[in-house]
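Report on the structure given below.
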Amino acid sequence: MRTDSYKHIGRRYKLVDLLVGKGISDPNVLAAMLKVPRHFFMESFLDESAYLDKAFPIGSGQTISQPYTVAFQTQLLGLKKGEKVLEVGTGSGYQTAILAECKAKVFSIERQRELYHKTRVLLGELGYKVYLHFGDGYAGLPTFGPFDKILVTAGSEDLPDDLMHQLKIGGWMVIPVGDSQNQVMTKIVRVGENSFESMGFGDFVFVPMLKGTENK
Ligand code: SAH
């Protein structure tokens with residue numbers, strides 16, 4: 001098991017200061033960012049870089065999102081204690097841990113088998129009680145829905161209909177929508193059985209949300 005030293009904790013305080021400077025103000029989000037040891041979710045050779053505000057490779061061609069992006073998406077979700085949240089794109093599990101620290105009931109889907117297994121072991125070792133699922137996030141998790149909140153951590157070309165219908169009425173989804181070069185952070189509110197409202201919150205770049213599953 002890796003260690004979380006005073007050096008790491010010191011770097012996290014600096015990172016949180018930087019996030020405050022960039023406009024993150026939700027105390028629950030900031031407390032979670034201060035608590036979760038991001039270096040545990042990255043290769044050990046990246047230990048020194050783990051608290052830079054940057055995305056890094058995590059294997060299988062995927063990335064751990066930039067801390068600002070994680071904080072921004074989590075803040076936009078406006079999670080309340082005990083809410084049911086579905087994350088699409090477990091990846092490293094870092095964002096999953098942040099959601100769990102916000103005291104949500106967390107469900108997360110990953111389409112790459114190796115990442116799913118690796119992250120399942122890590123989150124278990126760290127003591128996070130979250131429900132992880134290997135599958136295609138486009139399908140969501142109908143048997144566990146409806147959800148108060150849905151967070152998509154990969155860039156989608158369109159609004160996934162099945163997912164939107166797994167929101168509770170009044171529920172919110174945060175999803176980056178656009179082409180492979182650029183996506184607009186979008187918040188969708190399900191206002192009725194078949195009616196949704198959408199708002200944009202600036203440009204981001206994510207790895208693409210892909211259909212189906214992969215065994216590597
Ligand atoms: N939240 C992650 C972000 C990882 S990058 C983190 O902080 O580490 C996005 C992830 O979404 C990748 O792991 C990718 O494999 C996954 N992904 C892409 N399309 C998906 C889909 N349709 N269903 C589930 N996961 C998907």
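Atoms within each ligand, like the ligands themselves, are counted from 1 in listed order. All values derive from a computational prediction rather than experimental measurement.
Between the side chains of T96 and E87, at least one donor N or O lies within less than 3.5 Å of an accepting N or O. Side-chain atoms of H39 and Y51 form a donor-acceptor pair, as typed in the model, at a separation below 3.5 Å.
The protein residues lying under 4.0 angstrom from ligand 1, judged by non-hydrogen atoms, are Q62, T63, I64, S65, E87, V88, G89, T90, G91, S92, Q95, I109, E110, R111, Q112, L115, G135, D136, G137, Y138, T153, A154, V207, P208, M209, L210.
D47 meets the side-chain hydrogen bond (donor to acceptor under 3.5 Å, both in side chains) test with H8; sequence neighbours excluded. Under the side chain to side chain contact (heavy atoms under 4.5 Å, CB included) criterion, H117 pairs with R113, not counting sequence neighbours. Taking the side-chain hydrogen bond (donor to acceptor under 3.5 Å, both in side chains) definition, one finds that Q66 meets it with D53, sequence neighbours left out.
Between F40 and Y94, the distance separating the two ring centers is not shorter than 6.0 angstrom.
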